[in-house]
Amino acid sequence: MHNGIKTIITTCCLGLLAHPRTAYALNWESMEPYAISGILLLSLGALLLAHLSIVRMRRYQKRLEHSEERLRLSLWGSGDELWDWNIRQGNLYRSSSWQNPVELKPSSQDSPPNRQQIHPDDLDRVTDALSKHLSQETPYFEATYRILSDDQQWIWVLDRGKVVSYDQHNQASRMTGTLKNIQHIKLAEERLQLFAQCLESISDAVVICDTAFRILEVNPAFSRITGKSREQVLAQQFELSLYPSRYMRDIKLTLAQSGNWAGEVQEQKADGQIYFAELNFNVVRDEQGQIQQYVAVFSDITERKTREEQLSRLANSDTLTGLPNRTLFLSQLKQLVEKQKHHSLLMFDLDNFKKINDSLGHQLGDELLCKLTERLSLFPRSKGQLYRLGGDEFAIQLENTNDIHTITSLAKELLKQINMPFYINQHELAISCSIGIVLCPEDGQDPQSLLRNADTAMYHAKSEGGNRYLFFNDSMNKQAVKRLQIENLIRHGLKEDFFTVYYQPKMDIHTGKLVGMEALVRFITPKRGIISPGTFIPVAEETGQIVEIGAIVLKKACQDVKNWIDQELFHGRVAVNLSAKQFMLPYLCEQIDDILQQTELPSYHLELEITEGTVMQSPTIAIDTMKKLRARGVHLAMDDFGTGYSSLAYLKQFPLNTLKIDKAFIDDMNTARGRNMVDTIVTIAHNLSLTVVAEGVEEKQQLLQLKQLRCEVIQGYYYSKPLSADDFTQFLRQQQPQKKSATVEQSALRSAASAADS
């Protein structure tokens, strides 16, 4: 160190001495030694100061370089780029870290200097912000806008800057700042704005809660649905006010376990109105899987629930009475069976309800059903358990009881309630019902079998006269199975043409000559042979199959009679029975016209037999139909007279030709009372100018008695049993020797027909 200093001092001194002026000025030889030492010391001090200055400058330069490096790294790390704008010269320098430097003309005076790259829609806004800062209206410049990148894509940037230098006129001369790529932030903002707009406009209510279920935010739909403002509910606990606290605890537990909960709830609005809501709760978790918030979304489904209830009522309620209908009955019966609960079922319908409908009208019948429903609904033991299955058929379910005493007490009370008169439109109506009772599981282990067996028991109660109840038993089931077999057999017989017609002669009681015959249906099957009419006719009447059977019998009888007439074997009338259902057909007259036309049989050869019970179901309609038939030349006979309940007032209005005395009266003629009864019937018929036919005559004594009582025609086994068409042809041939009488009879028949037509 000392050697270096010495060298520097020597060099400095030599330099001074070498300079002419210095050498001239300094006279070393004349100077004192201490003066020379002072000069040297001063020179040394100056050198030391120069050295220290150089060291300080180097250290500053190094710090500056480090600072610039840190700034450069910071800008690079932040994604920002530095720009420096020389306003006076129009130069823009950009230290780009994410975009290539912008090349501008050296003398560009554009403002902003990157004007050519700014999106046209953003240019005015950026220019305005820059002008305000340059005119010192704002402390700094800041703007977000779209700029064109080197790949010709518009990206969003955040531009910030500040004037750092002014000229002597206080005008901005230099400005520096940073340019930040905020494209990802803008996209995120746009997405958030979209979500916010969706949240604002969505029709469902949205509630955001913290982990303690305090409400953090709600959307407008929440206020619209609940009637509560945002300010009223913020920081409040989310709760379902109509439910116990444990209900909300269960929801929280489910959310903790599965992350979501959904269900339908009821809640109260601010005005106290109750509404239904479909509520969905979901968990929001952070990146570590920790619960951050709960989001509840619900919609007002009150209107939908109301519609569902209305549809359910329509689907499960009877429109006339308002009672639960057959659909709901079967559904609840199925539930009881599946739960294996002991219960009982009472099924009942009204006796002779059809007669009320036919005689007084369906409107009055409907009013009767409504009155009955009102009465039974007030009956405590049937409340909530009464169903209308259809028509006049009802049912009562008794849950959790198979006690016979309880069931029979209810059945007796039910009969009593129904037997009390009803007063409707000035009519006093006395009705009764038939009740079938089944027990579960004793009488069936599925809804279908229970219903079927109850119906069977009710059917038997009705067949025993009605106004009673019967418990189902196995014998009833066997009869029901047999009835079903007969029904299926009839259906097959109609398809395969197993129904044929037999004929029983009608003989003049005085001459013993044939005057006509009655057509009787016979059901003959290949495997089971002849099925008794007493077996299949009641089933056919119940099922309505009797209508088709009747049409077959009528057509076949007309065809056979036409053949016999063409062969000159017969010139009388054939009597064909009309069932009650057949007689009430609205197209009966047209059907008879078609058959007569198809078979080419003159109408005066046809006689229709109608039972007393049939015409009395609806006397007014019956009289109108009978008049139409008489107008066509068809003769009419009343069958089974005296077994029904017709009055003489109606009898004299019926346009009849013949009155038939039932076999029951003929069999009773061995007593004086029986003979007097037949005598009375004959007298009534003659007073009404009707021909009398006695059916079921089997003995000669009966024939003699009827002859004494002035009966004209007889029918029965005494002359002949019913014969097939072929056998009856032979019977007719045996009658041929009496051609003259037959010709006279035919003439008489035609004269009578002409008189009837006139």
Next on the checklist: Taking atom NZ as the centre, does K186 end up with more than 12 heavy-atom neighbours from other residues, nucleotides or ligands that are less than 6.0 angstrom away?
Outcome noted: yes
Item to check | Interatomic distance, L328 atom CG to Q332 atom CD [nearest 0.5 angstrom] | outcome: 4.0 Å
Next on the checklist: Are I215 and C209 packed together at the side-chain level, in the sense that at least one heavy-atom pair is separated by less than 4.5 angstrom?
Outcome noted: yes
Checklist entry - What is the distance from atom CG of D121 to atom CD1 of I118, rounded to the nearest 0.5 Å? => result 12.0 Å
Checklist entry - For the side chain of R125 and the backbone of T144, is there at least one donor-acceptor N/O pair under 3.5 Å apart? => result yes
Item to check | Pairwise side-chain contact, V126 with P112, heavy-atom cut-off 4.5 Å (strictly under) | outcome: yes
Item to check | Stepwise side-chain contact (heavy atoms from CB on, under 4.5 Å) test for Q293 and L216 | outcome: CA-CA 9 Å; Q293 288 96 23; L216 300 176; 4.0 Å; yes
Next on the checklist: Does the structure place the NZ or CZ of K305 under 6.0 Å from the centre of the six-membered ring of F276, at an angle of no more than 45° from the ring's axis?
Outcome noted: yes
Checklist entry - Any donor-acceptor pair under 3.5 Å linking the side chain of K162 with the backbone of P139? => result yes
Item to check | Step-by-step side-chain contact (heavy atoms from CB on, under 4.5 Å) determination, L450 to L333 | outcome: CA-CA 9 Å; L450 287 171; L333 182 61; 4.1 Å; yes
Checklist entry - Taking only residues two or more places apart in sequence or in another chain, which ones pass ring-ring contact (aromatic ring centres under 6.0 Å, His included) with Y145? => result none
Item to check | Residue pair S203 / A221: nearest heavy atoms and the distance that separates them | outcome: O-CB, 3.6 Å
Atom pairs and distances, donor-acceptor, side-chain atoms in residues 233-242, under 3.5 Å, two or more places apart:
{"residue": "Q237", "atom": "NE2", "partner": "A212", "partner atom": "O", "Å": "2.6"}
{"residue": "S241", "atom": "OG", "partner": "E267", "partner atom": "OE2", "Å": "2.3"}

Next on the checklist: To check you understand the geometry: which heavy-atom pair defines the closest contact between F329 and L451, and what is its length?
Outcome noted: CE2-CD1, 3.4 Å
Checklist outcome for this item: Nearest heavy-atom approach of M175 to L134 is SD-CD2, 4.1 Å
Checklist entry - Should L148 and W154 count as side-chain neighbours, where that means a heavy-atom distance under 4.5 Å? => result yes
Next on the checklist: Test of understanding: with side chain to side chain donor-acceptor pair (under 3.5 Å), list the residues that count as partners of E399, not counting sequence neighbours.
Outcome noted: none
Item to check | Summary of side-chain hydrogen bond (donor to acceptor under 3.5 Å, both in side chains) pairs that have at least one residue in residues 278-288, sequence neighbours excluded | outcome: D286-Q292
Next on the checklist: Could you tell me if T321 and D318 have a donor-acceptor pair between their side chains, going purely by distance under 3.5 Å?
Outcome noted: yes
Next on the checklist: Is it true that, when you exclude E264 itself, more than 12 heavy atoms of the residues, nucleotides or ligands shown sit nearer than 6.0 Å to its CD?
Outcome noted: yes
Checklist entry - Given the rule in the side-chain contact (heavy atoms from CB on, under 4.5 Å) test, do L398 and S344 qualify, once you have shown the distances and angles that lead to the verdict? => result CA-CA 5 Å; L398 292 180; S344 54; 3.3 Å; yes
Item to check | Side-chain heavy-atom pair Y294, D210 within 4.5 angstrom cut-off | outcome: no
Checklist entry - Taking the side chain as C-beta and beyond, is there a heavy-atom pair between R88 and D167 under 4.5 Å? => result yes
Checklist entry - If you count the non-hydrogen atoms of other residues, nucleotides and ligands that lie under 6.0 Å from CD in Q363, is the total more than 12? => result no
Next on the checklist: Main chain of N400, side chain of H343: is a donor-acceptor contact present, judged purely on distance under 3.5 Å?
Outcome noted: no
Next on the checklist: Using the rule given for ring pair (Phe, Tyr, Trp, His ring centres under 6.0 Å), can you reason through F281 versus F298, listing the C-alpha separation, both sets of side-chain angles and the distance that settles it, and then say yes or no?
Outcome noted: CA-CA 9 Å; F281 249 113; F298 64 89; 9.3 Å; no
Next on the checklist: What I want to check is whether the side chains of N181 and Q183 have a donor and an acceptor closer together than 3.5 Å.
Outcome noted: no
Next on the checklist: For the backbone of L49 and the side chain of S53, can you confirm whether one donor and one acceptor N or O come within less than 3.5 Å of each other?
Outcome noted: yes
Checklist outcome for this item: Paired with W83, the side-chain hydrogen bond (donor to acceptor under 3.5 Å, both in side chains) test is passed by just one of D159, T176, N114, namely D159
Next on the checklist: Once ring-ring contact (aromatic ring centres under 6.0 Å, His included) is applied, do any residues pair with H342, and if so which ones, sequence neighbours excluded?
Outcome noted: none
Item to check | Straight-line distance of Q268 CD to I274 CD1, nearest 0.5 Å | outcome: 4.0 Å
Item to check | D128 side chain to S131 side chain, donor-acceptor N/O pair below 3.5 angstrom | outcome: no
Checklist entry - Do Q232 and T226 come close enough that some side-chain heavy atom pair is under 4.5 Å? => result no
Next on the checklist: Counting only heavy atoms not in R160 (residues, nucleotides, ligands), do more than 12 fall under 6.0 Å from its CZ?
Outcome noted: no
Checklist entry - At what distance, to the nearest 0.5 angstrom, does CD1 of I185 lie from CG of L158? => result 8.0 Å
Checklist entry - Are Y387 and F394 close enough, and set up right, to give a ring pair (Phe, Tyr, Trp, His ring centres under 6.0 Å), and what steps lead you there? => result CA-CA 6 Å; Y387 303 82; F394 296 83; over 10 Å; no
Checklist entry - Is any side-chain heavy atom of Q136 less than 4.5 Å from a side-chain heavy atom of Y166? => result yes
Hey, can you pull the donor-acceptor pairs under 3.5 Å for the side chains in residues 244-255, sequence neighbours left out?
{"residue": "S245", "atom": "OG", "partner": "R249", "partner atom": "NH1", "Å": "3.3"}
{"residue": "T254", "atom": "OG1", "partner": "D250", "partner atom": "O", "Å": "2.9"}

Checklist entry - Got a salt bridge between E81 and K180, using NZ or NE/NH1/NH2 to carboxylate O under 4.0 Å? => result no
Next on the checklist: Tell me if the OH atom of Y243 is crowded by more than 12 foreign heavy atoms within 6.0 Å.
Outcome noted: yes
Item to check | Point-to-point distance, once rounded to the nearest 0.5 Å, from CD1 of I87 to OG of S173 | outcome: 6.5 Å
Checklist entry - Any chance CZ of R375 has more than 12 other-residue heavy atoms, nucleotides or ligands included, within less than 6.0 Å? => result yes
Next on the checklist: Please check this pair: side chain of R388 against backbone of G322, looking for a donor-acceptor N/O pair closer than 3.5 Å.
Outcome noted: no
Checklist entry - Counting distance only, does the side-chain N/O of Q385 pair as donor-acceptor with the main-chain N or O of Q397 below 3.5 Å? => result yes
Checklist outcome for this item: Here the gap from C440 atom SG to L345 atom CG, rounded to the nearest 0.5 Å, amounts to 9.5 Å
Checklist outcome for this item: Shortest non-hydrogen pair, L369 vs G391, comes out as CD1-O, 3.6 Å
Next on the checklist: Please check: side-chain N/O of H169 versus main-chain N/O of Q171, any donor-acceptor pairing under 3.5 Å?
Outcome noted: no
Next on the checklist: Ring of Y275, cation from K269 - is the NZ or CZ under 6.0 Å from the centre and inside 45° of the axis?
Outcome noted: yes
Next on the checklist: Using modelled atom types and a 3.5 Å cut-off, is there a donor and acceptor pairing between side-chain atoms of N86 and backbone atoms of R174?
Outcome noted: no
Checklist entry - Looking just at side-chain N and O atoms, do S229 and S223 make a donor-acceptor pair shorter than 3.5 Å? => result no
Item to check | Donor-acceptor contact present, side-chain R191 to main-chain L187, <3.5 Å | outcome: no
Checklist entry - Less than 4.5 Å apart, any side-chain heavy atom of V207 and any of V295? => result no
Checklist entry - Can V163 and W85 be said to form a side-chain contact (heavy atoms from CB on, under 4.5 Å), step by step? => result CA-CA 9 Å; V163 174; W85 179 28; over 6 Å; no
Checklist entry - More than 12 foreign heavy atoms under 6.0 Å from CD of E303: is that the case here? => result no
